[in-house]
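Please read the structure below before turning to the comments.
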Amino acid sequence: MQSALESALLQLESAVSVLGLDEGLHQLLATPRRSLEVAVPLRRDDGTLEVLQGYRVQHNLSRGPAKGGIRFHPRTDLDEVRALAMWMTWKCALIGIPYGGAKGGVAVDPRRLSRNELERVTRRYASEIMPIIGPEKDIPAPDVGTDEQTMAWIMDTYSIHSGYTVTGVVTGKPVSLGGSQGRAGATSRGVMYAAFSALREAGVDHRRVRVAVQGFGKVGGLAAQYLHDAGCCVVAVSDVGGGIYNPRGLDPAALLKHLRSGAETVVGYPGTDTVTNSELLELDVDVLVPAALEGVLHEGNAAAVRARFVVEGANGPTTPDADKILEDRGVVVVPDILANSGGVAVSYFEWVQDLQAYFWSEDEVNDRLKALMESSYAEVSQLAADKGLSLRTAAQVIGVGRVADAHRTRGLYP
Ligand code: GLU
């Protein structure tokens with residue numbers, strides 16, 4: 001199966017060939033500007049010491065400070081973080097926000113750590129990457145396995161070292177600490193707008209579609225809820241424990257409440273059949289939202305996908321091999337850098353509010369997000385139609401093209 005980095009590099013290659021960029025520029029865009037690898041020593045609650053690996057990669061800084069999440073996941077490594085950082089560069093350029101791309105990660109399973117251990121890992125990792133982050137340099141945010149509490153700890157650690165409070169160093173913070181209204185649900189809301197744009201374009205009424213969501217977490221959980229509230233029928237969802245299916249529809253809000261009250265997985269929820277994560281991807285639905293990890297749609301299962309629309313809540317869920325198979329079968333894939341860009345869009349709004357110390361209402365945030373998602377979708381779909389490209393290649397061409405332009409206009413130093 002193609003790895004995240006192989007996928008990101010192949011996608012870049014397609015955009016480079018459509019844009020006709022020369023080999024030198026191609027190489028520059030394929031290479032991360034900075035990669036920092038750090039040791040994160042953790043004192044466990046029982047007194048023993050463990051040394052974890054941490055990373056922060058700044059892929060490109062041509063259009064502004066680096067931006068991107070931090071992931072806590074046992075299988076994260078430098079290559080994965082490089083791929084994720086590259087996708088952030090194209091994503092920010094595509095939606096026209098003034099950032100380059102970055103990503104960070106710590107190879108750890110946060111579920112096996114106590115809250116105190118998690119706090120120590122976060123603060124030590126934040127201190128180790130402190131030389132390269134900052135509101136004008138590189139602004140982290142949540143990703144898989146991290147949340148607003150993680151961001152609060154990073155903001156606090158950075159601020160203590162600086163000697164004053166710097167809210168703009170991270171986004172996705174709690175609203176009480178300079179976070180933005182609407183940030184928590186922003187990625188999910190954006191996924192819904194992207195899905196609706198694709199459905200509208202195909203002449204499909206969203207109130208008649210059946211949806212399956214892989215990954216009932218921060219992104220997938222609220223995406224399922226928003227889609228359900230807007231009139232879609234969400235028939236299946238899953239998490240690390242497995243999936244559940246009810247052809248008559250699920251109630252995502254009730255399911256979220258069930259998890260908040262202590263259930264570890266959606267599996268076993270009353271009135272549902274159990275399915276595996278891979279079975280979920282092949283269910284007879286109209287819209288599939290992969291909202292977990294990379295590479296879940298690959299050469300081995302893409303032909304079995306029955307959905308007509310794949311809306312990528314996750315980063316990199318579809319490998320280039322799977323993309324080809326889906327495209328040949330006429331499946332519309334709304335690519336990650338477009339479909340899940342609502343998160344970084346509202347991160348940008350949060351950073352702007354922090355820098356101005358002036359905060360917006362939730363309606364204002366949501367209205368701006370909707371406008372940005374719809375105009376970005378329209379731009380991608382127009383280019384795709386004009387040039388006969390898939391939505392993925394069109395989105396990449398716009399993102400990569402803007403970064404290449406910025407680089408050329410700035411010129412190469414020295
Ligand atoms: N982790 C999210 C993403 O992959 C959000 C990044 C951000 O807000 O900076 O887009």
Side-chain angles (χ1 to χ4, degrees), residues 4 7-8 55-61 63-73 76 80-106 129 133-135 137-148 150-151 154-155 167-174 178-180 182-191 193-194 215 217-220 222-223 290-294 311-317 334-354 365 368-369 372-373 376 395 399:
S7 299
Y55 312 94
R56 184 74 184 170
V57 173
Q58 297 174 348
H59 169 256
N60 189 286
L61 304 174
R63 299 182 61 262
K67 186 85 191 80
I70 288 170
R71 169 172 296 201
F72 287 180
H73 190 276
T76 204
E80 183 196 45
V81 175
R82 282 178 62 188
L84 292 161
M86 189 184 298
W87 283 322
M88 287 308 302
T89 302
W90 318 140
K91 192 186 306 188
C92 293
L94 169 64
I95 64 169
I97 59 177
Y99 293 132
K103 204 76 166 201
V106 178
I129 64 167
I133 64 169
K137 300 200 279 187
D138 180 356
I139 305 115
D143 196 77
V144 175
T146 58
D147 59 16
E148 59 174 38
T150 324
M151 296 307 116
I154 297 177
M155 190 276 262
T167 54
V169 63
V170 285
T171 59
K173 300 179 293 295
S180 176
R183 175 63 184 87
T187 313
S188 316
R189 208 173 273 283
V191 166
Y193 294 137
K218 284 196 305 280
V219 174
L222 286 178
L293 290 170
E294 304 93 74
V311 184
E312 298 185 332
N315 291 309
V334 187
D336 47 6
I337 61 170
L338 175 60
N340 72 32
S341 64
V344 76
V346 176
S347 275
Y348 168 56
F349 300 158
E350 178 173 332
W351 180 75
V352 167
Q353 292 171 77
D354 287 338
V365 171
R368 284 180 194 254
L369 170 63
L372 188 57
M373 292 299 304
S376 303

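Atoms within a ligand are numbered from 1 in the order they appear, just like the ligands themselves. Side chains are part of it too, since the values below use all heavy atoms of this structure and drop only hydrogens, waters and symmetry mates.
- Put simply, CZ on R56 and CD1 on I70 are 5.0 Å apart, with the number rounded to the nearest 0.5 Å.
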Working note: R71 + E294, criterion salt bridge (Lys or Arg N to Asp or Glu O under 4.0 Å); need CA distance, chi angles, decisive distance, verdict.
CA-CA 13 Å; R71 169 172 296 201; E294 304 93 74; 2.7 Å; yes
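- Expressed to the nearest 0.5 Å, how far NE2 of H59 lies from NZ of K103 amounts to 13.0 Å.
- The side-chain heavy atoms of E148 and P142, taken from C-beta on, include no pair separated by under 4.5 Å.
- Between I139 and K67, the closest side-chain pair of non-hydrogen atoms falls below 4.5 Å.
- Here the OG1 atom belonging to T187 is positioned 9.5 Å from the CG atom belonging to L222, to the nearest 0.5 angstrom.
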For ligand 1, list every N/O pair with the protein closer than 3.5 Å, one pair per line with the distance.
unit_1: ligand 1; atom_1: 1 (N); unit_2: P142; atom_2: O; d: 2.9
unit_1: ligand 1; atom_1: 1 (N); unit_2: D143; atom_2: OD1; d: 2.8
unit_1: ligand 1; atom_1: 4 (O); unit_2: K91; atom_2: NZ; d: 3.3
unit_1: ligand 1; atom_1: 4 (O); unit_2: K103; atom_2: NZ; d: 3.0
unit_1: ligand 1; atom_1: 4 (O); unit_2: N315; atom_2: ND2; d: 2.9
unit_1: ligand 1; atom_1: 8 (O); unit_2: R183; atom_2: NH2; d: 3.1
unit_1: ligand 1; atom_1: 8 (O); unit_2: S347; atom_2: OG; d: 2.5
unit_1: ligand 1; atom_1: 9 (O); unit_2: K67; atom_2: NZ; d: 2.8
unit_1: ligand 1; atom_1: 10 (O); unit_2: K91; atom_2: NZ; d: 2.6

